[in-house]
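Computation of the quantities below employed the complete heavy-atom set of this structure, encompassing side-chain atoms and omitting hydrogens, waters and symmetry-equivalent molecules. Keep in mind it's a predicted model, so treat the numbers as computed, not measured. Atoms within a ligand are numbered from 1 in the order they appear, just like the ligands themselves.
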Amino acid sequence: MVTEAALSAEALSKRYGARTVLDDVSIEVRRGRIHGLLGPNGSGKTTALHIVTGLIRPDRGRVRVLGIDGQDKASREEVGFAPDDLPLPGALTGREFLLFHDALRGRDDSARAAVLTEMLGISGDLDTPVAEYSHGMQRKLQLVAAVMHEPAVLILDEPFRGLDPDAARGVRRLLLAYAAGGRAVLVATHDMLRAERDCDEVTILDHGAVVAAGAPDRLMAEASCGSLEDVFLHVTGRADDADARADRIAAVFR
Ligand SMILES: Nc1ncnc2c1ncn2[C@@H]1O[C@H](COP(=O)(O)OP(=O)(O)OP(=O)(O)O)[C@@H](O)[C@H]1O
């Protein structure tokens, strides 16, 4: 298996006013691997992804894609990003949205886009304005736009959120096949079961800092935990708290 680093984020730090949102965060994603970025709400996952994809600048730190500096246009061409929360241009049809990405990249990936839209079940909706798409359809379209130029590094923010089981299975297969082809996948997710099953490595953030990193099996063994969810609760200091809160919530409905 090829394990060369495809993406490395080195010592990223970011502040908004007085608030430190990322503090010395490093993430390395090797070729052929799926890397999970985990962390509680507000821990800095989306901020880290937006820095890695060049949407925002870090105060400190550096990003490299295939060894190329992240500020270099050549590195951007090797990255595909499906965001979680950025609005789509609703007046465009799905087809126009994909053509727009082709134009930005100076490429014609329509043949691959046709296969992917078919596979994800939205090929019949490509002449409909994106504003009329359901949430799940929009996410599928964003995934196609992110992956259709076959970037070396595919980055996804909560790709399974709001997908039905069939769609989620299709996206999972796509990610596994994509990484197996020697490319790198970085995925931010709250889905601990998927992360435990599918991620080769994970980085867990809390309050903007890395609190654990490594293969799920190794993290579970080191923390003597039976699941990645237990590791998550353990390293973010929420294990006891989570049980106590669950008891209090149960008491409300007794
Ligand atoms: N533009 C901004 N201005 C000020 N604070 C921001 C901005 N963007 C994010 N933050 C803050 O940065 C912190 C990290 O946010 P971020 O969205 O990266 O977290 P996250 O881990 O992706 O959260 P979630 O799991 O809820 O999506 C939060 O405290 C958030 O309020």
- Query: Short list, please: which atoms of ligand 1 are under 4.0 Å from a heavy atom of His190?
  - Reply: 25 (O)
- Query: Strictly under 4.0 Å, does any heavy atom of His50 approach an atom of ligand 1?
  - Reply: no
- Heavy-atom nearest pair, Pro89 first then Val130, reads O-CB, 4.0 Å
- Item | Contact check: Gly39 vs ligand 1, nitrogen or oxygen atoms, below 3.5 angstrom | no
- Compare Asn41, Leu205, Ile56, Thr46 and give the one whose heavy atom is closest to atom 26 (O) of ligand 1. Asn41
- Message: Regarding Arg15 and Asp23, does a basic nitrogen lie under 4.0 Å from an acidic carboxylate oxygen?
- Response: no
- Message: Could you report the tightest heavy-atom contact between Gln142 and Leu86, atom names first, then the distance?
- Response: NE2-O, 3.6 Å
- Note on the structure: For Arg57, the side-chain hydrogen bond (donor to acceptor under 3.5 Å, both in side chains) test, sequence neighbours excluded, returns Gln71
- Thinking salt bridges, do Glu158 and Lys45 make one under a 4.0 Å N-O criterion? no
- Atoms of ligand 1 less than 4.0 Å from Val21 heavy atoms? 12 (O), 13 (C), 14 (C)
- Item | Side-chain heavy-atom pair Lys14, Ile51 within 4.5 angstrom cut-off | yes
- Message: Counting only heavy atoms closer than 4.0 Å, does ligand 1 sit against the backbone of Arg19, its side chain, both, or neither?
- Response: side chain
- Shortest protein contact, atom 21 (O) of ligand 1 (heavy atom only): Lys45 NZ, 2.7 Å
- Query: Just which atoms of ligand 1 are under 4.0 Å from any heavy atom in Pro40?
  - Reply: 21 (O)
- Pairs where residues 91-101 contributes a residue and the test salt bridge (charged side-chain N to carboxylate O under 4.0 Å, His left out) is met, not counting sequence neighbours: Arg95-Asp127
- Query: Are side-chain heavy atoms of Leu154 and Leu175 found at a separation under 4.5 Å?
  - Reply: yes
- atom 14 (C) of ligand 1 has as its nearest protein heavy atom Gly42 O, 3.3 Å
- Proximal candidate to atom 15 (O) of ligand 1 [heavy atom criterion; set Ile51, Asp84, Thr47]: Thr47
- Item | Residue of the set Val79, Leu66, Val65 for which side chain to side chain contact (heavy atoms under 4.5 Å, CB included) holds with Leu7 | Val65
- Message: With heavy-atom distances below 4.0 Å as the criterion, list the atoms of ligand 1 near Gly44.
- Response: 14 (C), 18 (O), 19 (O), 20 (P), 21 (O)
- Item | Identity and separation of the nearest protein heavy atom to atom 7 (C) of ligand 1 | Tyr16 CE1, 3.3 Å
- Message: Please determine whether any non-hydrogen atom of Gly17 lies less than 4.0 Å from an atom of ligand 1.
- Response: no
